[in-house]
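One-based numbering, in listed order, for ligands and for the atoms of each. Residues take their numbers from the sequence shown, with the count starting at 1.
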Amino acid sequence: MANLRKFITFEGGEGTGKSTQSELLAGRLRAYGYEVVTTREPGGSPTAEYLRDIILSGKAKQFGAFAETTLFSAARIDHLRETIEPALKRDSWVICDRFLDSTRAYQGALGNLDPRVLKALERVVIGDMMPGLTFVLDLPPEEGLRRAQTRARGAAPDRFESEEIDYHKALRKAFLDIASKEPDRIAVIDGEATADRIADQVWSEVTRRFGIDA
Ligand code: TYD
């Protein structure tokens, strides 16, 4: 198998199907006999899940993008230490629904966080623990928000879902910009296809890049 870190992240706007695809990919890897840990951000460890509730409640918004980013960062440090690194050490795969590219897109591109601050935080929080492969699921925001609302079944939108449509359009562009800068790590997938079709594309990228005999 190729010497890529077995750490795969899914990124994209709201309702793009990241969690569905995380589970489908995990299922395929498990069918090959691999151990797989699926996790998510913000969250993925008890402390980080606690911070998730605070962040998504919107209580931190009033303090600005920097304060919010420090909360995401604190959660990520704990998540890496408690969940991701131990799993990788025992040779498990880790599949994570959102990771650093969400911070780049939401807090960096959309929140106007100073790029130098963002870079410094990445260095401190992630160091060299970059994912081996990242999928950006790309979808028109109107469709993504419609899906997210159907899924929520009338529940109030969270802090980020309640932003205006222009925000979500800018978010889509931000993810595509991020992907274009790191084509070796990031694969963009058309999120408008059926879940099965997307899962097939994801699987073919994974098998090719990691050298799995499929
Ligand atoms: P979640 O309900 O997990 O959203 P989704 O189902 O779209 O993945 O909520 C996570 C929200 O947090 C989402 O709107 C994106 C946002 N977020 C950031 O702004 N920065 C980050 O670094 C991360 C990980 C998430």
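Ligand 1 lies under 4.0 Å from heavy atoms of E14, K18, E41, P42, R52, L56, F72, R76, R98, S102, T103, Y106, Q107, R151, D158, F160.
Not one N or O on the side chain of E68 forms a donor-acceptor pair closer than 3.5 Å with the backbone of F63.
Residue E164 places its CD atom among 12 or fewer non-hydrogen atoms of other residues, nucleotides or ligands, all under 6.0 Å distant. The 12-atom threshold is not exceeded at OH of Y50, counting heavy atoms of other residues, nucleotides or ligands nearer than 6.0 Å.
A ring-centre distance under 6.0 Å is not found for Y32 and W93. Taking the six-membered ring for Trp and the full ring otherwise, the centers of Y106 and F72 sit at least 6.0 Å from each other.
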Donor-acceptor contacts, no H, no angles, side chain residues 123-137, under 3.5 Å, sequence neighbours left out:
from: T134; atom 1: OG1; to: T9; atom 2: OG1; distance (Å): 2.7
from: T134; atom 1: OG1; to: R185; atom 2: NH1; distance (Å): 2.8

